[in-house]
Asker: 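Before I ask anything, let me first share the structure, which is written out below as structure tokens.
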Amino acid sequence: EVSALRLHAARKVIAKKYRPYYVNAPVIMLSMVETAGVGEYGRITVMGHVSRPGSVPLAGARGMKLSAAIQGAGGFSKSAKKSDVRVTRTDNYGRKVQTSVDFDAIGRGGSASADIQLFNGDVVYVPERVF
């Protein structure tokens with residue numbers, strides 16, 4: 001069964017299974033149905049004060065920008081504290097590393113470097129603004 005595999009792995013399994021029946025290697029075309037917010041390249045979890053908290057599928061192997069992940073979760077809610085968005089990832093040693101990002105600096109300050117790159121397994125938390 002290939003339902004639990006990523007696309008490239010599913011192609012290999014199918015090609016290997018049917019190789020004896022073809023003179024030339026078959027061209028295998030697959031369609032992917034995303035389930036539970038997991039894409040071919042993984043997912044980012046966006047929690048807290050966004051319109052649709054949950055999983056956002058990664059569009060590519062190189063990850064995605066923080067702004068794209070927030071958009072994928074429907075954008076900020078009205079009560080979001082954009083100046084203290086927290087990104088947590090697991091480093092190569094299994095430790096959780098948290099970074100605070102001033103999302104307002106991306107647009108207001110023109111600071112493109114504040115729009116950090118996210119990767120599979122990263123967790124974004126948007127806290128509530130205190131009025």
Side-chain angles (χ1 to χ4, degrees):
E1 174 152 334
V2 296
S3 65
L5 300 176
R6 299 196 185 251
L7 287 177
H8 66 280
R11 286 185 193 108
K12 288 180 181 180
V13 168
I14 292 169
K16 183 177 179 182
K17 176 84 172 172
Y18 289 98
R19 186 174 297 133
Y21 304 105
Y22 291 91
V23 174
N24 296 319
V27 174
I28 299 169
M29 300 189 64
L30 300 173
S31 295
M32 183 176 84
V33 177
E34 291 181 10
T35 57
V38 178
E40 179 178 6
Y41 300 103
R43 66 181 168 85
I44 305 296
T45 303
V46 182
M47 305 298 291
H49 293 268
V50 291
S51 295
R52 293 185 312 271
S55 294
V56 176
L58 283 173
R62 295 184 187 180
M64 69 191 317
K65 293 289 189 179
L66 174 61
S67 58
I70 297 293
Q71 287 175 336
F76 291 109
S77 69
K78 291 180 181 180
S79 61
K81 184 178 181 183
K82 300 176 193 174
S83 63
D84 189 24
V85 176
R86 297 176 200 145
V87 177
T88 304
R89 78 171 38 125
T90 304
D91 69 11
N92 294 335
Y93 302 102
R95 296 179 301 218
K96 301 283 185 191
V97 178
Q98 190 174 78
T99 305
S100 180
V101 178
D102 182 355
F103 196 86
D104 286 331
I106 298 169
R108 178 178 22 95
S111 177
S113 63
D115 196 6
I116 64 173
Q117 194 75 9
L118 301 176
F119 301 100
N120 181 38
D122 285 354
V123 177
V124 176
Y125 176 73
V126 179
E128 183 175 23
R129 178 181 58 203
V130 178
F131 296 95

Asker: What heavy-atom pair brings Lys96 and Thr90 nearest, and what distance separates the two atoms?
Answerer: NZ-OG1, 3.2 Å
Asker: Out of curiosity, does Val46 fall in the hydrophobic cluster containing Tyr41 (side-chain heavy atoms, cut-off under 4.5 Å, transitive links)?
Answerer: yes
Asker: Taking all heavy atoms of Pro20 and all of Lys16, pick out the closest pair and write down the distance.
Answerer: CD-O, 3.9 Å
Asker: Which distance, rounded to the nearest 0.5 Å, do you find between the CE of Met47 and the CZ of Arg86?
Answerer: 13.5 Å
Asker: Compare every heavy atom of Gly72 with every heavy atom of Arg52, then report the nearest pair and how far apart it is.
Answerer: NH2-O, 3.5 Å
Asker: For residues Tyr21 and Ile14: do they belong to one hydrophobic cluster (side chain heavy atoms under 4.5 Å, members Ile, Leu, Val, Met, Phe, Trp, Tyr)?
Answerer: yes
Asker: Cut-off 3.5 Å, side chains only: do Asp104 and Ser83 have a donor facing an acceptor?
Answerer: no
Asker: Under the 3.5 angstrom rule, does the side chain of Asp115 hit a backbone N or O of Lys65 as a donor-acceptor pair?
Answerer: no
Asker: Supply the atom-to-atom distance Ile44 CD1 to Phe119 CZ, rounded to the nearest 0.5 angstrom.
Answerer: 8.5 Å
Asker: Counting C-beta onward and ignoring hydrogens, is there a side-chain heavy-atom pair between Val126 and Ile70 closer than 4.5 Å?
Answerer: yes
Asker: What heavy-atom pair brings Arg89 and Asp122 nearest, and what distance separates the two atoms?
Answerer: NH2-OD2, 2.5 Å
Asker: Tell me the closest heavy-atom pair linking Val56 and Ala73, and the distance in Å.
Answerer: CG2-N, 4.0 Å
Asker: So if you build clusters from Ile, Leu, Val, Met, Phe, Trp, Tyr with side-chain heavy-atom gaps below 4.5 Å, do Phe76 and Val101 land together?
Answerer: yes
Asker: How long is the gap from NZ on Lys81 to OH on Tyr125, to the nearest 0.5 Å?
Answerer: 10.5 Å
Asker: On a heavy-atom basis, which atom in Pro53 and which in Gly48 lie closest, and how many Å separate them?
Answerer: CG-O, 3.9 Å
Asker: Would you confirm whether Arg129, through its side chain, and Lys78, through its main-chain N or O, come within 3.5 Å as a donor-acceptor pair?
Answerer: yes
Asker: Checking side chain to side chain contact (heavy atoms under 4.5 Å, CB included) against Val85, which of Asp102, Leu66, Ile116, Thr99 comes through?
Answerer: Leu66
